[in-house]
Every structure is written in structure tokens, then in C-alpha cells.
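Remarks on the structure that follows.
Numbered from 1 within each chain, the chains take letters A, B, ... in sequence-line order.
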There are 2 protein chains.
Amino acid sequence: MPETAARTRIQERNISAILDAALEVFSGAGFRGATLDQIARAASLSKPNLLYYFKSKEAIHRALLSELLDTWLAPLHALDSGGEPVDEIVRYAMRKLDMARELPRESRLFANEIVQGAPHILDIIEGPLKTLVDEKASLIRKWAAEGRISEVDPHHLIFSIWATTQHYADFDAQVRGILRPERDRHFDDAARFLTHLYRTALTPD
Amino acid sequence: MPETAARTRIQERNISAILDAALEVFSGAGFRGATLDQIARAASLSKPNLLYYFKSKEAIHRALLSELLDTWLAPLHALDSGGEPVDEIVRYAMRKLDMARELPRESRLFANEIVQGAPHILDIIEGPLKTLVDEKASLIRKWAAEGRISEVDPHHLIFSIWATTQHYADFDAQVRGILRPERDRHFDDAARFLTHLYRTALTPD
DNA sequence: CGTGATCCTGACCAATTGGTCAAACTCTCC
DNA sequence: GGAGAGTTTGACCAATTGGTCAGGATCACG
């Protein structure tokens, strides 16, 4: 665990192996449900070797969360004042839905964390995340004031987009259990449904 | 842990104290994150005394889930073919939102379980729950075929109602963190937003 | 090749956890 | 008030868990 700025090839490889293994384990079991042995096994390393790179279980978890936060919030950052408002919001929802499909482990990592009261990231939620959301909420409110989308509460609009899209990653077990024999094209169906939902609700008059 | 049919007053009191304590602890920490000591403390009982009433941690968890399942699905059961379709569905969403407000622990109990792959209730999801949902989906499809609501995928409509309403219980920490100083009337705002969302999306033409 | 830094491991540890058990206590009901 | 069922507990246990440590293996580099 040397604090040198540059990383050895070995460090590079092992640290990313650990983070990947940790993502797998933490996202499937939550912080407390995950064990260092599981992570070590998944990373093909010995437990003491894990602790050579990260000084504690918490340190791994913290590193994971902060590594992934930017990725996770990128789509909201990309919500731009440039385009056509309704399209812009629908495209945001679609981007989030894509992320639920392609990064389900990341989604579940945050879901686990937040369901249990967000003990490790409350400061981020109340700080940078709140700032970002408030900023985008202003934009949406402006669009509504200009009559370019219908009058909706921007915060709750954003929450509903998070909820409906992340649902397909976080509650995957339930979705699959209920859609059972009807094949795996359910992300396409979800995309169609959500597009309709938000387009009709946001289009003015 | 006598298997007698009728329950002593003491059994009555202690079993419900245990289930209430377990709901508190399991919903806040997940199955694996919860400990018997925590539950025992919350129920004001000794740990061996807990295990006198339930023979294992799993048994407590199982009892909780099955006790709460009916309550949890009642609103969907109540979705009736009688009323005006759009009202009926919007009222279903409102009932679910009320439950998120009044029974957040129950919501988080199920959320924890499902996020982690639903290991203890997969059979219920794939069995009775799927049956119920498929049945209500048929009803919704019928309404759409009759032109009384717009053409939407009924399964994804139901998922989106679950997602948007339970979000306020399951991700409460995040919602509160972001809405921070803006007071606690956010359930009313959510109700208004969701009513608009589903009413506009479901009203035909 | 050698040497210092980096990397890795087996053995070990203290704390926690789910669970057991025999003995003691307490309630109920005749 | 006493007998038997029902209730409670302290002491205990084996397994698991997060974490340490001294020493050995391996790498980079002059």
C-alpha cells in the first residue's frame, strides 16, 4: 500500500481486479453482507493481499463509490439547455435506462447503500448531488415557465425518472420473475413505455 | 416454541414484539446486516428468548415476509374492473404512495430482499405474485382494447407505479437529502406529480 | 548480479455471530 | 398450594469475520 503517485503495472492490475470483484460482491450483498473472503476469492487474491492494497473493507467500499459516482451522474450532467425540452428529458430517461441495462451492478451498489440509509454517502447526496439536481431542476422550471413543457414539479420528475429506470436494474429479480417466459426484450418494451409516459406527460397542453 | 394452536397472552405479546423489532432491524440493515442481538435488544428480550419463539434468524425473517405480503399486495388486489379505468389506475398509484408514507419499513424490507436477488421470496414472485400481476395486466389490456385508456404495456405500467411510489420509502435518505430545506410536504407534491403523470399518459387520445 | 522496493502469504488474533442447553423461574388451573 | 406446562436466562460453543504481522518471494533497475 505505498502512497506513491504513479502506479506499478501490478498495482494497476490488482487494484482494478479488486474493485471489480468488490463491485460484484457489494452490489449483490450490500456492505455488511459482503465479506473480504468473497471479494478476495472473486479477485483471485489472498485476503491479506487485499489488505495490502486497501487498508480496510470500508476503504474498498469508499474507493468503489467515489470511482463510480461520476459515471453514475454523467447523464444528468448531460441534460442540456440546448435541445428541445421534451426530447431532452426523454433522452435523459433513455440514457438512464441504458445504464440500468449495462451497469446493473453499479445501480445496485448505490441502491443497497441508499436503502440502508446512505450511511457512507449522505454528505455527497446533501452536497454535490443536491447542487446538481437543484441546478437541473431550475432548468426544467425555466422550460415550464416558457411553456415549452407542461408545468410539473422538476424534483419529482427527476425522482420518477430515477425510479422507473433504475427499477430495472435494482429490482431485476422481481422483473424477471414476473415477465418470466416472455423473453428478454423487456428493456425495449420499457423504453417504449417510458417514452410514451414522459412524452405525453411533458408535452404542453 | 410450543406448537399449540392457540397462543398464550405472553406468546401473543412477545411474538408481535419480536416481529416489530425484526421489521425495524431487517428493513434498516437487510437480512445479513441484521443481528439477533439487535433484534433482541429492540424487542427487549434476551437472545435465547428470541430463539425460544423462533428457531432461527431465517425463521423470523420468513415469518415477517409472509405476514406482510398480503398487506403489501392489497392495493393491487383492489384494482377493480368496476370503476373508470384512468381513475382506477391513478387511485392505485395513490394508494401505493400512501403505503410508502405509512409503511416505509415494510417497503424497505422488500426492497432489501429484492435488490439482493430475492433469495427468500423468489418462489412467491414467480408464483402468486406473477399470477396476480398477469391477471391485472389482462384487465388493463382489456381497458386499452376498449379505448378507455391509451395503449400502454400493462406490465411496465405496473412496474413504473411500483417504482415511482416505493421510491419515496426505499430511497427516503436520498429524497430527504435532496429536498433538504424544503419541508416535509414532499409526499403531497409527489402525489400531485404522479397524478399528472399517469392521468396524462393514460387518458386516451 | 545484487539490492532495495514492492508484492505476497501462512499463521494468527480478538470480536462478533447464530445457536444450544441445562437449570431456574413463573404462570395457569385444579 | 402444588404440579406441570410454559417462559427465561447465563454460560457456553463453533464458525465466521475483519484485520495484523513477520518473513519470504519477486520485481525493477543500476
Does D:dG18 have OP1 or OP2 sitting under 4.0 Å from an N or O in the side chain of A:S56?
no
Spacing between A:L45 atom CG and C:dC8 atom P, to the nearest angstrom:
7 Å
Could you tell me whether B:D20 and B:R105 have a side-chain N and a carboxylate O separated by less than 4.0 Å?
yes
Think B:Q11 has a side-chain N or O under 4.0 angstrom from the OP1 or OP2 of D:dT7?
yes
Nucleotide of D:dT20, C:dC7, D:dT8 approaching A:L51 most closely (side-chain heavy atoms):
D:dT20
Protein-nucleotide distance (A:R13, atom CZ; C:dT6, atom C1'), rounded to Å:
13 Å
Could you tell me whether B:D189 and B:R192 make a salt bridge, using a distance below 4.0 angstrom between a side-chain N and a carboxylate O?
yes
Hey, are A:R180 and B:D134 close enough for a salt bridge, meaning a charged N less than 4.0 Å from a carboxylate O?
no
Within the structure, does a side-chain N or O atom of B:N14 lie under 4.0 Å from either OP1 or OP2 of D:dT8?
yes
Ranking C:dT17, C:dC7, C:dG19 by distance to the side chain of A:R32, first place goes to C:dT17
side-chain N/O A:N49 vs C:dT9 OP1/OP2, d < 4.0 Å:
yes
Side-chain N or O of A:S46 closer than 4.0 Å to phosphate OP1/OP2 of C:dT9
yes
What does B:A34 touch in the nucleic acid at a heavy-atom separation under 4.0 angstrom: a base, only the sugar-phosphate, or nothing?
sugar-phosphate
Here the distance between atom P of C:dC7 and atom OH of A:Y52, to the nearest Å, is 4 Å
Run A:Y168 and A:S107 through side chain to side chain donor-acceptor pair (under 3.5 Å) and show every step you take.
CA-CA 9 Å; A:Y168 291 97; A:S107 187; over 6 Å; no
Separation of D:dT9 atom P from B:D37 atom CG, nearest Å, is 14 Å
Protein-nucleotide distance (A:I39, atom CD1; D:dG18, atom P), rounded to Å:
8 Å
Please report the distance, rounded to the nearest Å, between CZ in A:R41 and C1' in D:dT17.
13 Å
Contact class for B:R9 (heavy atom, under 4.0 Å): base, sugar-phosphate, or nothing?
sugar-phosphate
B:L103 and its side-chain contact (heavy atoms from CB on, under 4.5 Å) partner, picked from B:D98, B:L109, B:L68, B:T71:
B:T71
Of the listed nucleotides (C:dG18, D:dT17, D:dT7), which one gets closest to any side-chain atom of A:T35?
D:dT17
Please walk me through it: do A:H186 and A:R176 pass side-chain contact (heavy atoms from CB on, under 4.5 Å)?
CA-CA 9 Å; A:H186 66 261; A:R176 292 186 121 73; 4.1 Å; yes
Can you tell me which nucleotide in D:dG19, D:dT7, C:dT9 comes closest to the side chain of B:T8?
D:dT7
A:I10 CD1 to C:dT9 P, straight-line distance once rounded to whole Å:
11 Å
Is it the case that the base of D:dG18 and the side chain of A:K47 share a donor-acceptor contact (distance under 3.5 Å, atom types as modelled)?
yes
From the set D:dA11, D:dT7, C:dC8, return the single nucleotide nearest to any side-chain atom of B:Y53.
D:dT7
When rounded to whole Å, the NE2 to P distance for the pair A:H61 and D:dG19 reads 13 Å
